[in-house]
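Structure provided below as structure tokens; questions to follow.
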Amino acid sequence: MDEPARRERLAEIAPDLIDELEAEAETDEHVLPDLPDAEPGAVVMRAAPNPNGPWHMGHARMPAVIGTYKERYDGEFICRFDDTDPETKRPDLDAYDAILEDIDYLGFEPDRVLKASDRVETYYEHARELIDLGGAYTCDLPGEEFSELKNAGKPSPNRDKDPETVREEFEAMVDGEYAAGEMTLRVKTDIEHKNPALRDWVAFRIVDTPHPREEAADYRCWPMLDFQSGIDDHLTGVTHIIRGIDLQDSAKRQRFVYDYFGWEYPEVLHWGHVQIDEYDVKMSTSTIKSLIEDGELTGWDDPRAPTIRSVRRRGIQGEAIVESMTELGMSTSDVDLAMSSVYANNRDLVDDGANRYFLVRDREDDPAVERDVVGGPEAGHPPLHPSHEDRGDRTIPAGRVVVEESDLPANGDRVWLKGFGCVRHVRDAFEYVGDDIDMVREEGVDVVHWVPADESLETLMRGVEGDVRGRAEPAIADADVDTVVQFERVGFVRVDAFDPEPADGAGGPTGEEDLVVYYAHP
RNA sequence: GCUCUGGUAGUGUAGUCCGGCCAAUCAUAUUGCCCUCUCACGGCAAUGACCUGGGUUCGAAUCCCAGCCGGAGCACCA
């Protein structure tokens, strides 16, 4: 009895059990916990990336989780670029679109896209209001001096300035009358708060370096993340903030501002850092950036880089990443994501569509070896997909063939060239023995992949572990660029290009190849 | 140093709030078997965990205390 039949039968004998079964199946699909106090149709969340480069794998967690909740609660997904530091975390002008593209690849589309650097006037207005409420003061103490006072629980001498002076000095900050480091605007919190991290934090500071965006290049007085983000979350109606544990204290800091304004703070969830196994390269935007600049990596989509673009180029579906990311749950402890989990999800997605081809690898420790085939048909005809015979067969010319050395049988032994037939290794040649499949089924002859020596394509297979060269069967020329195929007994790859241009960095095509593929996973 | 926060199989996760149905769930991983002209897909099975020590209790992964180990913040970064 198959699944639908079983269900039908159950519906006849115990209709109430069916409801129970369906209810269970539904909750099981929710890998992520329910959001606290979430009203369907009234959930607003934001991803707040810093646009300082394309995303690495760790960044995928935010859109994956927000997007998944958005779908569950029919909520809103805001993408807000927190680009308020033109200097130390200087925005990269290409990164805004690069990040939106990465989100799109993951299968989500933000309902709104905002840039903090467009909203500076709004932050100024709220700063003025906060000053009038007595909630902020201008402070000209050097950071180190303030830090000492703060750690001792002692106030800055500027703390009790009257609002008029504060207002004047803040306007002077806005007007660019101070140089970097000369003046800040601090939020008046509780200078004796038991957590030193919350004491009178900086809301605005002066940055001399102009913002790279032309629209924002004239501003010198910039808000700090906690101020900007706190104001924006309220103004854009964010109901649920999801962020990393590095921002654990942010909510506590921002609450002081919310209290001054009489606002209600959103629900907050924190999660730990994600580490990903399998990569040698550290998962950090700046590290990857400098490796690319040094030519160690061929770009953001180099298969050795732990970036979204890299796995995308390898033919891994965004959905596979989203599934793995949501499976990580929402725990506050640091987690390791096993790439094998992404691979397992991806195999599910691509196996059915991936046509099969042969690639004979030529590696130092397992070189490709050529042999003449004596006798037998002119070509082999393995199917394009074992589960879809309707897709037809490939044609692989025999004659002189190439196999991987480790697949070469000892002299006098037999091997089955898949889709062709059984041959015996005799005096450096393959003598055709026949096509009786019982030799495989009952006599234990191994089945191996092979390609013709002459008609095959010079192939470069790029992967996490580095580049591998080899020869692909001619029929792969029928595969479209950008499709995922499976090299039997090797793994899934994405067809990247035919007759590729040479690359400049370390690794990549030399220009002599007929085909470049990117290796996804076994 | 001060302040947060966390510790369930290799990895991730459920269970912890409201103690018993938990000799602990699911996924992935690994191994073996079946299927198979792929080491894919599919099917079956095995492996493998409650940080430690006390306490409360008839009973503790769950409550309490202490300890150990980890992560984060204490920036004019995000």
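Given the structure is predicted, the values throughout are model-derived calculations rather than measurements. Just so it is clear: chains get the letters A, B, ... in the order the sequence lines come, proteins before strands, and each one is counted from 1.
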>> Can you build the contact string for nucleotides 36-45 of chain B? Use B for base contact, S for sugar-phosphate-only contact, and - for no protein heavy atom under 4.0 Å.
In response: -BBBBSS---

> Can you tell me how far C1' in B:C34 sits from the matching atom in B:C39, rounded to whole Å?
Replying inline: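 To the nearest whole Å, 16 Å.
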
> Can you tell me how far P in B:U52 sits from the matching atom in B:C69, rounded to whole Å?
Replying inline: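 My reading of the P atoms in B:U52 and B:C69 gives 15 Å.
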
> Strictly under 6.0 Å, is that where the ring centroids of A:Phe358 and A:Phe487 end up?
Replying inline: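 Between A:Phe358 and A:Phe487, the centre distance exceeds or equals 6.0 Å.
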
> How long is the line joining OH of A:Tyr343 and C1' of B:G12, in whole Å?
Replying inline: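 So the two atoms are 16 Å apart, to the nearest Å.
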
> Rounded to the nearest Å, what distance is computed from the CH2 atom of residue A:Trp201 to the P atom of nucleotide B:A78?
Replying inline: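 Roughly 12 Å, once rounded to whole Å.
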
> What is the distance, rounded to the nearest whole Å, between atom NE2 of A:His521 and atom C1' of B:U28?
Replying inline: 14 Å

>> Between A:Lys115 and A:Asp82, does any NZ, NE, NH1 or NH2 come within less than 4.0 Å of an OD or OE carboxylate oxygen?
In response: no

>> Rounding to an integer number of Å, can you tell me how far A:His59 NE2 sits from B:A78 P?
In response: 14 Å

>> Heavy atoms only, 4.0 Å cut-off, all strands: where does A:Ser324 land among base, sugar-phosphate and nothing?
In response: nothing

> Taking the C1' atom of each, how far is B:U31 from B:G70, in whole Å?
Replying inline: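 Between the two C1' atoms, the distance is 32 Å.
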
> In which ranges does RNA chain B form stems of 3 or more consecutive Watson-Crick or G-U pairs, distances under 3.5 Å?
Replying inline: B:1-7 with B:68-74, B:10-12 with B:26-28, B:29-34 with B:42-47, B:51-55 with B:63-67

> Where does the angle between the aromatic ring planes of A:Phe204 and A:Phe170 fall among parallel (under 30°), tilted (30 to 60°) and perpendicular (over 60°)?
Replying inline: perpendicular

> Please walk me through it: do A:Asp85 and A:Arg90 pass side chain to side chain contact (heavy atoms under 4.5 Å, CB included)?
Replying inline: CA-CA 6 Å; A:Asp85 182 356; A:Arg90 188 171 176 78; over 6 Å; no

> Can you name the residues that form a side-chain contact (heavy atoms from CB on, under 4.5 Å) with A:Asp259, not counting sequence neighbours?
Replying inline: none

>> Please report the distance, rounded to the nearest Å, between CG in A:Asp34 and C1' in B:C17.
In response: 15 Å

> When the ring planes of A:His425 and A:Phe430 are compared, do they come out parallel, tilted or perpendicular, using 30° and 60° as the limits?
Replying inline: perpendicular

> When all nucleic acid strands are considered with a 4.0 Å heavy-atom cut-off, which category describes A:Lys194: base, sugar-phosphate, or nothing?
Replying inline: sugar-phosphate

>> Rounding to an integer number of angstrom, what distance separates B:C51 and B:U62 when you compare their P atoms?
In response: 8 Å

> Are A:Phe420 and A:Tyr432 an aromatic pair by the rule of ring centers under 6.0 Å?
Replying inline: yes

> Any idea how A:Phe227 and A:Trp201 line up, ring-wise: parallel (<30°), tilted (30 to 60°), or perpendicular (>60°)?
Replying inline: tilted

>> Need one value for A:Ser331: base, sugar-phosphate or nothing, where a base atom within 4.0 Å counts as base even if backbone is also close, heavy atoms only.
In response: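 Sugar-phosphate: the residue A:Ser331, judged by heavy atoms under 4.0 Å, touches backbone atoms but no base.
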
> So which one's nearest nucleotide on RNA chain B is more toward 5', A:Val335 or A:Ser340?
Replying inline: A:Val335

> What integer distance in Å separates A:Met330:CE from B:U5:P?
Replying inline: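 It is 16 Å, rounded to the nearest whole Å.
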
Which pairs of donor and acceptor atoms, one on a side chain in residues 267-277 of chain A, lie under 3.5 Å apart (sequence neighbours left out)?
| from | atom 1 | to | atom 2 | distance (Å) |
| --- | --- | --- | --- | --- |
| A:Asp277 | OD1 | A:Met339 | N | 2.8 |

> In whole Å, what is the span from the CD atom of A:Glu192 to the P atom of B:C2?
Replying inline: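 It works out to 17 Å between those atoms.
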
> Given atom CG of A:Asp226 and atom P of B:A78, what is their separation to the nearest angstrom?
Replying inline: 9 Å

> Of all residues at least two apart in sequence or in a different chain, which pass the side-chain contact (heavy atoms from CB on, under 4.5 Å) check with A:Pro266?
Replying inline: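 Expected list: A:Ile241, A:Tyr258.
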
> What distance, rounded to whole Å, do you find between the two P atoms, one in B:A9 and one in B:U25?
Replying inline: 14 Å

>> Could you walk me through whether A:Glu327 and A:Asn345 satisfy the side chain to side chain contact (heavy atoms under 4.5 Å, CB included) test, starting with their C-alpha distance in whole Å, then the side-chain angles of each, then the deciding distance to 0.1 Å, before giving a yes or no?
In response: CA-CA 11 Å; A:Glu327 279 163 15; A:Asn345 286 326; 4.0 Å; yes

>> One character per nucleotide, please: for nucleotides 66-76 of chain B, 5' to 3', B when the base has a protein heavy atom closer than 4.0 Å, S when only the sugar-phosphate does, - otherwise.
In response: -----BSBBSB

>> With a 6.0 Å cut-off (strictly less than), is the heavy-atom count around CG of A:Asp438, excluding the residue itself, greater than 12?
In response: yes

> B:A23 and B:G59: how far apart are their C1' atoms, nearest whole angstrom?
Replying inline: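 Here B:A23 and B:G59 have their C1' atoms 15 Å from each other.
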
>> Let's go through A:Val485 and A:Val493 carefully: what are the C-alpha distance in whole Å and the side-chain angles of both, what is the deciding distance for side chain to side chain contact (heavy atoms under 4.5 Å, CB included) to 0.1 Å, and is it a yes or a no?
In response: CA-CA 6 Å; A:Val485 301; A:Val493 302; 3.6 Å; yes

